[in-house]
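Quick one: the structure is below, and I'll ask about it shortly.
For clarity, every value in this text was computed on a predicted model and none was experimentally measured.
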Amino acid sequence: MTDYNFAYLDEQTKRMIRRAILKGLAIPGYQVPFASREMPMPYGWGTGGVQVSAAVLTPEDTFKVIDQGADDTTNAVSIRTFFERTAGVETTTTTCDASVIQTRHRIPEEPLSEGQILVYQVPIPEPLRFLEPRESETRKMHSLEEYGLMHVKLYEDISRHGHIATSYAYPVKVEGRYVMDPSPIPKFDNPKLGDMAAIQLFGAGREQRIYALPPYTQVVSLDFEDHPFEASKADHPCGMCGAIDSYLDELIIDDTGGRMFVCSDTDFCEARQLAGHKGKDAA
Amino acid sequence: MQAQALSGGFADPATQSAHAFRSIMEAMARPGTLHGVSGALPPAPLSRAAGAVLLTLCDTETPAYLAGGANCDAVHAWLAFHTGVPLVGPSHCRFAVGSWSALTPLSAYPIGTSEYPDRSATLIVECPELTDSGEILTGPGIRNNAALSLPEVAAFQSNHALFPLGLDFIFTCGDRLAALPRSTKVCAPMGATEVTPCM
Ligand SMILES: [Zn+2]
């Protein structure tokens with residue numbers, strides 16, 4: 001541990017990130033620019049989330065990392081190991097035992113509590129980017145609350161597909177002011193963003209943005225009166241634990257095309273199985 | 001003087017600033033909640049909490065304004081040694097510290113721009129007392145409502161009306177702090193008649 005600064009980053013960088021986090025919390029949903037640092041891992045591995053975690057962790061924290069709901073992917077394991085080594089923190093896979101959870105593409109099924117912090121890895125923080133490539137223009141659009149084009153794009157989905165086809169990174173409006181990209185979580189997770197007891201922090205490394213949702217913040221998924229937002233998921237129970245209310249991954253289980261649906265949140269699924277719940281595909 | 005300037009910083013900067021930041025972050029994320037901070041022993045008149053906030057957030061990149069009694073040789077020397085923070089007037093500061101009467105009027109500070117509302121000052125307000133009672137707070141970070149002993153009401157209501165522009169506040173007293181971001185709506189407590197009612 002003595003080969004590193006605590007949590008890898010130097011103190012000046014942590015101060016800069018901490019100041020950005022505080023402004024992010026003061027202006028929910030607004031993207032605060034920050035000077036992202038090189039991290040000893042590729043950008044696709046969530047360097048934004050890693051820098052935010054490094055700025056908030058204390059040695060007493062218990063840290064969990066999930067990648068698409070799973071604790072055991074290469075990405076999750078390497079980030080967990082990184083902070084075990086550089087910050088000396090305890091790690092866990094159990095959602096309720098973690099004080100800081102770094103996540104890529106999911107919100108845990110189990111509701112989070114007041115002592116917890118959820119750190120999102122964000123690839124593209126700007127929800128208006130696909131409409132307007134120029135940062136100077138999207139900044140202006142946010143400052144003027146010019147979100148009409150965003151609604152037009154969602155409505156085009158409806159005329160083309162009969163419903164809003166956007167199923168990941170579904171845009172939200174925060175406290176009636178800023179339109180925000182919730183990171184590529186499935187829209188099934190969108191309703192958990194609002195009124196959450198935990199602090200939510202979003203870090204985009206390559207794009208150098210930090211944004212935040214304080215606890216109990218109003219977060220509304222964009223929709224239309226005639227096409228209200230729906231938090232959809234595969235219409236099956238989990239094959240392993242039988243849960244009917246969790247987000248599911250579809251797995252191919254044999255070479256004849258056999259399929260099974262299983263909770264994407266592995267900790268949630270395993271806890272249910274331990275408690276005796278059994279799905280139709282469980283051994 | 002020299003000896004005083006060299007002492008009173010964090011003995012273990014990495015972990016003590018990590019702990020202090022978590023207190024500050026929890027305070028900013030949950031307006032009206034009180035949090036302990038320790039590890040800093042700044043010269044008078046700075047409180048230990050204000051000292052810890054300055055050590056945790058300020059450096060050569062964050063010009064600061066010392067208001068009233070905080071603007072003294074002992075504080076200058078201590079901040080110069082431990083943070084290197086450049087001292088400026090209120091209109092160019094990122095942080096300001098002092099008593100409420102020394103810090104006001106709030107019109108002196110940068111409130112950010114419409115495209116960069118984060119480019120605004122954070123005021124560290126030294127308070128003779130700090131309790132979770134008094135003015136009623138609602139908004140992001142607050143489940144139903146919270147209460148905090150604020151030095152006044154109208155200035156915070158005007159600041160909130162500027163949202164998403166505006167100032168953010170950290171209130172310090174002894175070794176405790178609380179915070180009030182611009183997003184918080186402030187109302188006078190029930191029964192108070194001389195102050196502006198809830199808008
Ligand atoms: Zn399951």
Side-chain angles (χ1 to χ4, degrees), chain A residues 5-7 9-12 14-35 54-61 87-88 99 114-115 117 136 138-145 174-175 177-178 195 197-201 210 212-218, chain B residues 10 12-31 33 53 55-62 83-85 94-95 112-122 138-146 163-170 179-184:
Chain A
N5 291 306
F6 172 73
L9 293 174
D10 62 273
E11 290 307 297
Q12 185 171 8
K14 278 185 275 184
R15 275 193 296 274
M16 178 264 299
I17 295 170
R18 287 165 178 164
R19 293 192 294 260
I21 290 171
L22 294 180
K23 289 299 175 190
L25 286 165
I27 317 166
Y30 164 76
Q31 299 164 51
V32 185
F34 81 109
V56 304
L57 281 171
T58 70
E60 290 74 27
D61 275 310
S99 53
E114 290 211 343
I117 298 166
S136 57
T138 52
R139 285 240 153 225
K140 204 172 291 169
M141 290 161 79
H142 282 294
S143 78
L144 299 170
E145 295 183 70
V174 179
E175 290 283 328
R177 179 56 183 83
Y178 283 102
D195 225 26
I199 295 172
Q200 297 173 82
L201 305 174
I210 286 170
L213 295 172
Y216 312 116
T217 292
Q218 188 206 68
Chain B
F10 287 145
D12 177 2
T15 50
Q16 284 178 306
S17 61
H19 285 130
F21 175 69
R22 280 290 276 278
S23 291
I24 299 165
M25 183 177 82
E26 285 287 335
M28 195 61 83
R30 305 175 196 278
T33 57
V53 174
L55 292 181
T56 302
L57 298 178
C58 292
D59 55 33
T60 53
E61 293 172 17
T62 59
T83 69
V85 64
R94 291 279 305 274
F95 290 90
T113 66
S114 63
E115 289 173 22
Y116 293 94
D118 56 301
R119 295 180 181 171
S120 59
T122 301
T138 53
I142 302 166
R143 191 174 206 168
N144 296 307
N145 52 65
F163 189 90
L165 307 189
L167 308 172
D168 307 306
F169 301 89
I170 298 171
L180 189 81
R182 67 194 79 179
S183 59
T184 303

**OP:** Identify which of A:Thr217, A:Ile27, A:Leu25 forms the greatest number of heavy-atom pairs closer than 4.5 Å to chain B.
**Re:**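 Heavy-atom pair counts peak at A:Ile27.
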
Original post:
Do any N or O atoms from the side chain of B:Arg30 and from the backbone of A:Glu114 form a donor-acceptor pair under 3.5 angstrom?
Top reply: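 Judged by distance alone, yes, a pair lies under 3.5 Å.
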
Original post:
Non-hydrogen atoms of chain B under 4.5 Å away: do they reach the side chain of A:Ile117, the backbone, both or neither?
Top reply: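 It is the side chain, since no backbone atom gets that close.
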
Subject >> Close side-chain approach of A:Arg18 to B:Ile24, heavy-atom, < 4.5 Å >> reply: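 No - every pair of side-chain heavy atoms lies 4.5 Å or more apart.
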
Subject >> Heavy-atom proximity to chain A below 4.5 Å, by part of B:Thr60 >> reply: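 Only the side chain of B:Thr60 comes within 4.5 Å of chain A.
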
Subject >> Winner by heavy-atom pair count (cut-off under 4.5 Å) against chain A, out of B:Met25, B:Arg119, B:Met28, B:Arg143 >> reply: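 Heavy-atom pair counts peak at B:Arg143.
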
Original post:
Can you list the residues that meet the side-chain hydrogen bond (donor to acceptor under 3.5 Å, both in side chains) rule with A:Glu175, with sequence neighbours excluded?
Top reply: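 Applying side-chain hydrogen bond (donor to acceptor under 3.5 Å, both in side chains) to A:Glu175 gives none.
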
Original post:
Do you know which of B:Ser183, B:Ala14, B:Pro181 has the most heavy-atom pairs under 4.5 Å to chain A?
Top reply: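 Top count of heavy-atom pairs under 4.5 Å with chain A: B:Ala14.
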
Subject >> Heavy-atom side-chain contact between B:Glu26 and A:Ile199 under 4.5 Å >> reply: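 Touching, per the 4.5 Å side-chain cut-off.
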
Original post:
When you check the side-chain N and O atoms of B:Ser120 and A:Lys23, is any donor under 3.5 Å from an acceptor?
Top reply: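 Note: B:Ser120 and A:Lys23 side chains meet the donor-acceptor criterion.
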
Subject >> Residue part contacting chain A, namely of B:Tyr116, when any heavy atom lies under 4.5 Å >> reply: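 For B:Tyr116, backbone and side chain are both near chain A.
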
Original post:
Which answer fits A:Gln12, side chain, backbone, both or neither, if we ask what part of it has an atom under 4.5 Å from a heavy atom of chain B?
Top reply: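 Both the backbone and the side chain of A:Gln12 come within 4.5 Å of chain B.
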
Subject >> Region of A:Arg177 in contact with chain B, defined by heavy-atom distances below 4.5 Å >> reply: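 For A:Arg177, the side chain is the part near chain B, not the backbone.
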
**OP:** Looking only at non-hydrogen atoms, find the nearest pair between B:Ala29 and A:Pro214 and report the distance.
**Re:**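 Looking at all heavy atoms of both residues, the shortest contact is O-CB, 3.6 Å.
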
Original post:
By a 4.5 Å heavy-atom criterion (distance strictly below it), what part of B:Arg94 contacts chain A: side chain, backbone, both, or neither?
Top reply: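 Looking at B:Arg94, just its side chain touches chain A.
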
**OP:** Heavy-atom distances under 4.5 Å only: say whether A:Leu9 touches chain B with side chain, backbone, both or neither.
**Re:**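 For A:Leu9, no heavy atom lies under 4.5 Å from chain B.
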
**OP:** Would you give the length of the straight line joining atom OG of B:Ser17 to atom CD of A:Glu11, rounded to the nearest 0.5 angstrom?
**Re:**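 Between B:Ser17 OG and A:Glu11 CD, I get 4.0 Å after rounding to 0.5 Å.
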
Original post:
Heavy-atom distance under 4.5 Å to chain A: side chain of B:Leu165, backbone, both or neither?
Top reply: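 Contact with chain A is absent: no heavy atom of B:Leu165 under 4.5 Å.
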
Subject >> B:His19 and A:Glu60, any side-chain heavy atoms less than 4.5 Å apart >> reply: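 Answer yes - side chains close enough.
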
**OP:** Please tell me if the side chains of B:Thr56 and A:Arg15 come closer than 4.5 Å, counting only heavy atoms from C-beta onward.
**Re:**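 No - every pair of side-chain heavy atoms lies 4.5 Å or more apart.
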
**OP:** Name the region of B:Leu167, side chain, backbone, both or neither, that has any atom closer than 4.5 Å to a heavy atom of chain A.
**Re:**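 Neither part.
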
Original post:
Would a 4.5 Å heavy-atom cut-off, applied to side chains only, mark A:Phe6 and B:Asp12 as touching?
Top reply: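 Of all side-chain heavy-atom pairs linking B:Asp12 with A:Phe6, none is under 4.5 Å.
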
Original post:
Just checking, any donor-acceptor pair under 3.5 angstrom between side chains of A:His142 and B:Glu115?
Top reply: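 The criterion, which ignores hydrogens and geometry beyond distance, is not satisfied for B:Glu115 and A:His142.
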
Subject >> Steps toward salt bridge (charged side-chain N to carboxylate O under 4.0 Å, His left out) verdict (A:Asp61, B:Arg22) >> reply: CA-CA 11 Å; A:Asp61 275 310; B:Arg22 280 290 276 278; 2.6 Å; yes

**OP:** Identify which part of B:Phe169 has an atom lying under 4.5 Å from any heavy atom of chain A, answering side chain, backbone, both or neither.
**Re:**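 No part of B:Phe169 comes within 4.5 Å of chain A.
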
Subject >> Under 3.5 Å donor-acceptor, A:Arg19 side chain and B:Leu57 backbone >> reply: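 Answer holds: yes.
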
Original post:
With a 4.5 Å heavy-atom cut-off, do A:Tyr178 and B:Pro164 have their side chains touching?
Top reply: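 Contact flag for A:Tyr178/B:Pro164 side chains = yes.
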
Original post:
With only heavy atoms counted, which part of A:Ala20 is less than 4.5 Å from chain B, the side chain, the backbone, both or neither?
Top reply: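 Interface part for A:Ala20: neither.
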
Subject >> Part of A:Gln31 lying under 4.5 Å from any heavy atom of chain B >> reply: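 For A:Gln31, neither part sits under 4.5 Å from chain B.
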
Subject >> Per-residue contact mode, A:Ala212 against chain B (heavy atom under 4.5 angstrom) >> reply: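 Neither part.
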
Original post:
Among B:Asp168, B:Asp59, B:Thr62, which has the most heavy-atom pairs under 4.5 Å with chain A?
Top reply: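 Option with the greatest count: B:Asp59.
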
Original post:
Looking at B:Cys58, B:Ala179, B:Gly166, which makes the most heavy-atom pairs under 4.5 Å with chain A?
Top reply: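 Of B:Cys58, B:Ala179, B:Gly166, B:Cys58 has the most heavy-atom pairs under 4.5 Å with chain A.
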
Original post:
Among B:Ile142, B:Thr15, B:Thr184, who wins on heavy-atom pairs under 4.5 Å with chain A?
Top reply: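 Option with the top pair count is B:Ile142.
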
Subject >> Contact check, side chains of B:Thr122 and A:Leu22, non-hydrogen atoms, under 4.5 Å >> reply: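 B:Thr122 does not reach A:Leu22 side chain to side chain.
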
**OP:** State, with a plain yes or no, whether a side-chain heavy atom of A:Thr58 is found less than 4.5 Å away from one of B:Phe21.
**Re:**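 A:Thr58 vs B:Phe21: side chains apart.
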
